[in-house]
Amino acid sequence: MDAATATQDTAFQAIIELADDCLILGHRLSEWCGHAPVLEEELALANMGLDLLGQARALYAHAGEIEGKGRSEDDLAFLRRERDYRNCLLVERRNGDFAATMLRQLYFSAFMQPFWRAVAASSNDEILRGIAAKAEKEMAYHLRHSGEWVIRMGDGTEESASRMADAVTELHRYTGELFLASPARADAIAAGLLPDPDSLRTEWDRTIASVFAAAHLTIPEVRVPQKGGRDGRHGEDMGHLLAELQFMQRAYPGMSW
Amino acid sequence: MSAPIEASPPDAAGKIVDLELARALEAASAVPDPEVPCVTVADLGILRSVDRDADGAIVVRLTPTYSGCPAVIAIEMAVETALLEAGIDARIERIIAPAWTTDWISAEGREKLRAYGIAPPVGASGGRRAFFAEDVIACPRCGSSATSKISEFGSTACKAHHRCDDCAEPFDYFKCI
């Protein structure tokens, strides 16, 4: 195995963090089904959610193989307890309005697009490089779509601008966690499996600054940054999300379509 | 820049000697995409190779277009079925590296898309693009380049939604990735 230099457990945990980010945000986007403001955005939200679920599946399957205990992508996605999910807090935040959903997507994709590019260029794990090369293109699309909406709404009507400003106040404090490395992640970085998320800070800052300038939004000063998801400490929204996400497998164990 | 499909190596006279493998390649190549049935999996470049493994078994390698493309399993089953119908027992493998790109859609595939009413991808795949950047997409019906993007996301993961400002026809655009 290419990831042999990282310990099995470290590599498993580090990949699970990425998979959980994708699964949880993908699930959040799927909650918009039937509720989007216009048909085109209904399709866009479902499409972006589908990309993220596809990335999550590939990552879970790979993590399960590294772990070597026979757990499938479904076992990992549906049959863990809340404390075992290692997604960052940003992705589990409730959808709020369309402004908050698009801003969350911008924050996430402005990080993940360069992140996957770095994985594709430098990871010593061939499977991860393959997943990353595809995911990078998908995230470039999400970044463009969400960035355009943040600009449109920030630079739009009084109502849209105020909603986008509220979303910034609500969500900006969760962005710092994207750049932190958990102990498992730090090991995976040292082993050459993943890039250091902190090295992507400058690019993320630049992307957000350029979108905010065009959207007439101000980058807020965050006094109390929120973190904890990488240690399995989640906000109150997470339990509700998992209750719905896991319902079928909890109620009918082992059921398949 | 069509996808490299590996068949068995031809002999000195350039003739393919492994007839079963040649038939497998032919059968697999003819399978239509379930969501865009005007093109085959070979036209799209998602059929990566048909060859024999070390034990002599026929292996067909396919790659997904998008990570979450719901047609992946349907495509794998369709290829397996087509091979069984041709009397060939083959193993289907899903490969993810290198990642699929629209650059692998063959020239013939692009023309089939256009004739079907789907504008083929414009230019070579790239990374990040500017906000609000608009590509010039020619209308697949009337050929006019006066077209507008309606939505970045269309009826399937691989398509965007556009409209012709001249003939007023809405159309799908096969996104360039």
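Every heavy atom of this structure was used, including side-chain atoms; hydrogens, water molecules and symmetry mates were not.
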Around B:Glu26, counting heavy atoms of other residues, nucleotides and ligands shown, do more than 12 lie under 6.0 Å from its CD? no
Look at atom CZ of B:Arg163 and say whether more than 12 heavy atoms of other residues, nucleotides or ligands are closer to it than 6.0 Å. no
I'd like to check B:Glu152 versus A:Glu148 (side-chain heavy atoms, cut-off strictly below 4.5 Å). Are they in contact? yes
Measure B:Ile95 against the heavy atoms of chain A and call it side chain, backbone, both or neither at under 4.5 Å. neither
Rounded distance (nearest 0.5 Å) linking atom CD1 of A:Ile131 with atom CD1 of B:Ile96: 4.0 Å
Residue pair A:Arg152 / B:Phe132, side-chain heavy-atom distance below 4.5 Å: yes
Determine whether more than 12 heavy atoms belonging to other residues, nucleotides or ligands lie under 6.0 Å from atom CZ of A:Arg57. no
Counting distance only, does the side-chain N/O of A:Glu126 pair as donor-acceptor with the main-chain N or O of B:Ala97 below 3.5 Å? no
Is the CG atom of B:Asp53 crowded by more than 12 outside heavy atoms at less than 6.0 Å? yes
If you look at every heavy atom in A:Gly130 and B:Ala99, which pair is closest and at what distance? O-CB, 4.3 Å
Do B:Thr101 and A:Lys137 have side-chain heavy atoms sitting under 4.5 Å apart? yes
Looking at side-chain heavy atoms only, is the closest gap between A:Glu40 and B:Phe153 below 4.5 Å? no
Between B:Ala160, B:Ala157, B:Pro98, which has the largest tally of heavy atom pairs under 4.5 Å with chain A? B:Ala157
Of all heavy-atom pairs between A:Glu138 and B:Ser67, which one has the smallest distance, and what is that distance? OE2-N, 2.7 Å
Is it the side chain or the backbone of A:Ala44 that comes within 4.5 Å of chain B heavy atoms, both, or neither? both
Face-on cation placement of B:Lys175 at A:Tyr141 ring, 6.0 Å and 45° thresholds: yes
Whatever's closer than 4.5 Å to a heavy atom in chain B on A:Leu39 counts as neither
Can you tell which of A:Leu45, A:Leu52, A:Leu50 has the highest number of heavy-atom pairs within less than 4.5 Å of chain B? A:Leu50
Counting only non-hydrogen atoms closer than 4.5 Å, does B:Thr156 touch chain A with its backbone (N, CA, C, O), its side chain (CB onward), both, or neither? backbone
